Visitor: 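Have a look at this one before I ask anything.
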Amino acid sequence: MLKRIGQFIGLLVLLALVLVAVVVVRTMTFGKSNDASRIELPAVPEFSSNEIATHLSDILQLPTITLTAGDPRPGQEGPWLELRDYLQTTYPAFNAAAERHLVADHTILYGWQGSDTSLDPILLMAHQDVVPINLGTEDQWDAPPFAGIVQDGYVYGRGTVDNKTSLITIMEAAEALAASGYQPTRSIWIMFGHDEEVSGSGAQAGVDFFQERDIRMEMVLDEGYFIVDPFPLTGASTGVIGIAEKGYVTIRLTSTAQGGHSSTPPRNSANVQLSRALVALDEQQMPADFSRPPMSEMISSVAADMPFMTRMAFANQWLFRPMIEDQFAADGASNAMIRTTTAPTMISGSIKENVLPQNSYALVNFRIHPNDSVETVLAHVRDVISDIDGVTADVDQSGGIGSEASPVSPTENRAYQVLASVASDAGGGVPAVPALVLGATDSRWTTEISDNIYRFAPGVLPIGDLQGFHGTNERISVDNLERMARGYAQIMVAMSSE
């Protein structure tokens, strides 16, 4: 008996050793090298951060605020007209080299003709409009949000991060190259949408412009990510390049029940039914997936820079996946990276506190992961609420906003190599990783004209400053301005000099 027990214990020890060996080997061989995607970047002109800060300050003082689709309304377009004139007078060399077009009244297109028209052009994008300031928060800013003040090494103002700094540094790069006599081989297009924050109709009109002329883009580059310091998965500064972005759909839940006087309420009123449906959707989230791009690409690219225990978990998801998923699901931003998110946003019911509604409504906003679609989201919602009497679900069209998730752009091409190299250079040798953009950008409309769509700006953003997106104290460091102008110039030359 003792001999058999000893043999059994020995077998358990052997199996444990084999398991440890498998885990260690998989960990040490997991991931891919970032060095393979690096190229030598071209020389570009010098830039002055202080001069760019002055130009950025000027356009931050133009309140190009959009609130709803259709903005700016007739009579309110003054700031857009001033911005348009400012770009023309401040950048004379580029305006002389390029041809300007206007679409949808206020979206600006610049076309810089290349010497070889057989090559597909590149398209760089930014947007002119900004979101408003939340009422009552003006005093919480360290500097007024529309004054363009430079203090303590930062430019403060609505639009510094989203997205006027990209707009102005793209123009700085183009102006410096044109003034130096540079002539692109591949044509360069620039598009500044006027209403990205509300509908993107300007970008849609821009895409129509290109389609009418049978123009396809070798690469599209829009806003999205920066060099993030530190990147949560590694704890170190990392260039994050968006290779896809989430889609958008809102589902309307309708709960129907007997109404009447609140003095004699039924046990299952419309509001109670609706509440059960919302709780059920919150508790039964859409599935996570680490196995397909962009998530699988990001994990593989950043693996070499992860702490050992983190790398071990991702390398052995067959063993640690539940733990990984729990960790990601615990934080709103990381949870959004791995699944379609569920966000109840608007609820309406009775018109009076003592009246039971016959119909209650809720809007639930879903940001669609590339692994899902509008169809699968609606199917998921209907399945989750199928046991709740009186509640139905349909796609809500009232907001006028909706789109599928974008296709995932490749990382094994020159466009991504250029962006990864620029990110590494701008960040002082940092690694670059592909990722999923969680919000919507104007580039979502460009899938009809390009297969290579990326979302990245060559600036270094401390992770705490990410709160400036649509928030208080939006700002960008003055040091970033030269860095971003140089990065955009490197992208233009590297992509348009073949």
Side-chain angles (χ1 to χ4, degrees), residues 200 220 222-225 228 231-233 240-253 278 280-302 313-314 317 320-345 363-385 393-396 399 401-411 416 433-447 451-456 466 469:
V220 173
D222 198 4
E223 64 173 327
Y225 284 113
V228 179
F231 187 56
L233 281 178
V240 186
I241 301 169
I243 61 172
E245 69 179 59
K246 283 191 156 185
Y248 185 110
V249 67
T250 297
I251 303 297
R252 182 183 184 92
L253 300 182
L278 293 175
L281 287 172
D282 185 65
E283 292 179 344
Q284 299 180 56
Q285 297 283 322
M286 294 200 70
D289 191 349
F290 296 89
S291 66
R292 287 183 286 179
M295 196 64 194
S296 60
E297 287 273 355
M298 183 181 76
I299 294 170
S300 178
S301 296
V302 81
F314 280 110
Q317 292 183 42
F320 298 111
R321 180 185 169 117
M323 180 187 71
I324 296 172
E325 187 169 332
D326 286 346
Q327 288 290 316
F328 269 77
D331 175 76
S334 60
N335 181 60
M337 294 290 294
I338 63 173
R339 59 164 47 90
T340 295
T341 50
T342 305
T345 53
L363 297 183
V364 186
N365 183 246
F366 294 83
R367 298 303 176 100
I368 307 171
H369 193 279
N371 295 344
D372 295 315
S373 66
V374 171
E375 183 179 357
T376 62
V377 170
L378 182 58
H380 165 79
V381 173
R382 287 174 171 171
D383 180 63
V384 169
I385 68 171
D394 294 284
V395 174
D396 182 76
I401 302 175
S403 61
E404 298 283 0
S406 76
V408 179
S409 295
T411 59
Y416 185 84
V433 300
L436 174 65
V437 173
L438 305 181
T441 73
D442 269 346
S443 67
R444 69 189 185 277
W445 308 113
T446 66
T447 56
D451 297 322
N452 306 312
I453 304 167
Y454 303 95
R455 302 149 185 92
F456 170 73
L466 290 172
F469 276 103

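These numbers come from a predicted model, not from an experiment.
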Visitor: Check whether any side-chain N or O of Ser300 sits under 3.5 Å from a backbone N or O of Glu297 as a donor-acceptor pair, and report yes or no.
Guide: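 Judged by distance alone, no pair lies under 3.5 Å.
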Visitor: For a quick test of reading the model, state the closest non-hydrogen atom pair linking Arg444 to Ala440 and the distance between them.
Guide: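 In terms of heavy atoms, the two residues are closest at NH1-CB, 3.8 Å.
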Visitor: Using side-chain contact (heavy atoms from CB on, under 4.5 Å), reason through Leu363 and Ile251 one step at a time and then give a plain yes or no.
Guide: CA-CA 6 Å; Leu363 297 183; Ile251 303 297; over 6 Å; no
Visitor: With a 4.5 Å heavy-atom cut-off, do Pro294 and Pro370 have their side chains touching?
Guide: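 Pro294 vs Pro370: side chains touch.
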Visitor: Where is the tightest heavy-atom contact between Ser443 and Thr441, given as atom of each residue plus distance?
Guide: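 For Ser443 versus Thr441, the nearest heavy atoms are OG-OG1, 2.6 Å.
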Visitor: For Asn335 and Ala329, work out which heavy atoms get closest and say how close.
Guide: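 Taking Asn335 first and Ala329 second, the nearest heavy atoms are OD1-CA, 3.6 Å.
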Visitor: Between Arg455 and Ser406, what is the shortest heavy-atom contact and its length?
Guide: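 Looks like NH2-OG, 3.6 Å.
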Visitor: Any side-chain heavy atom of His380 sitting closer than 4.5 Å to one from Val377?
Guide: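 No, every pair of side-chain atoms sits at 4.5 Å or beyond.
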Visitor: Ignoring hydrogens and geometry beyond distance, is a side-chain donor-acceptor pair present between Ser409 and Asn452 at under 3.5 Å?
Guide: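 Side chains of Ser409 and Asn452: no pair found under 3.5 Å.
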Visitor: Could you give the distance from CG (Leu378) to OG (Ser373), rounded to the nearest 0.5 Å?
Guide: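 Result: 9.5 Å between the selected atoms.
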Visitor: Classify the ring geometry between Phe328 and Phe290 as parallel (under 30°), tilted (30 to 60°) or perpendicular (over 60°).
Guide: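 Phe328 vs Phe290 ring planes: perpendicular.
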Visitor: Would Met295 and Ile338 satisfy side-chain contact (heavy atoms from CB on, under 4.5 Å), going step by step from the backbone distance to the final call?
Guide: CA-CA 7 Å; Met295 196 64 194; Ile338 63 173; 4.0 Å; yes
Visitor: Passes side-chain contact (heavy atoms from CB on, under 4.5 Å), Tyr248 versus Asn365? Steps please.
Guide: CA-CA 7 Å; Tyr248 185 110; Asn365 183 246; 3.3 Å; yes
Visitor: Find out whether Asp394 and Leu253 are in side-chain contact, i.e. whether some heavy atom of one side chain is under 4.5 Å from a heavy atom of the other.
Guide: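 Asp394 does not reach Leu253 side chain to side chain.
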Visitor: From Ser296 OG over to Asp289 CG, what is the distance, rounded to the nearest 0.5 angstrom?
Guide: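 Reported value, rounded in 0.5 Å steps: 8.0 Å.
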Visitor: What heavy-atom pair brings Tyr225 and Ile241 nearest, and what distance separates the two atoms?
Guide: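 Heavy atoms only, the tightest pair is CD1-C, 4.4 Å.
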Visitor: Side-chain contact, heavy-atom cut-off 4.5 Å: Thr342 with Glu283?
Guide: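 They are not in side-chain contact.
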Visitor: Test Gln285 against Arg339 for side-chain contact (heavy atoms from CB on, under 4.5 Å), laying out the working first.
Guide: CA-CA 8 Å; Gln285 297 283 322; Arg339 59 164 47 90; 3.9 Å; yes
Visitor: Less than 4.5 Å apart, side chain to side chain, heavy atoms only: is that true for Val364 and Val381?
Guide: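 No. Closest side-chain heavy atoms not under 4.5 Å.
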Visitor: Quick test of your reading of the model: are Asp326 and Arg321 salt-bridged, counting only N-O distances below 4.0 Å?
Guide: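 Not counted as a salt bridge, because no side-chain N and carboxylate O are separated by less than 4.0 Å.
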Visitor: Please find the pair of heavy atoms, one from His369 and one from Thr340, that lie closest to each other, and give the distance.
Guide: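 That closest heavy-atom pairing would be N-OG1, 2.9 Å.
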Visitor: Contact between Met337 and Met298 at the side-chain level, heavy atoms closer than 4.5 Å - yes or no?
Guide: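 A side-chain contact exists here, since the closest heavy-atom pair is under 4.5 Å.
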Visitor: Do Arg367 and Glu245 sit within salt-bridge range, that is, some charged N less than 4.0 Å from a carboxylate O?
Guide: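 Looking at Arg367 and Glu245, the cut-off is not met.
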Visitor: How long is the straight-line distance from CG of Leu278 back to CD1 of Ile385, given to the nearest 0.5 Å?
Guide: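 These two atoms lie 9.5 Å from each other.
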Visitor: Could you tell me whether the side chain of Lys246 and the main chain of Ala336 form a donor-acceptor pair under 3.5 Å?
Guide: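 Checked: pair present.
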Visitor: Looking at side-chain heavy atoms only, is the closest gap between Phe366 and Thr250 below 4.5 Å?
Guide: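 No; the side chains remain at least 4.5 Å from each other.
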Visitor: Rounded to the nearest 0.5 Å, how far apart are CG of Asp222 and CG of Asp442?
Guide: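 Output value for this atom pair is 6.0 Å.
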Visitor: Do Ile243 and Tyr416 have side chains that get closer than 4.5 Å, going by heavy atoms?
Guide: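 Answer yes - side chains close enough.
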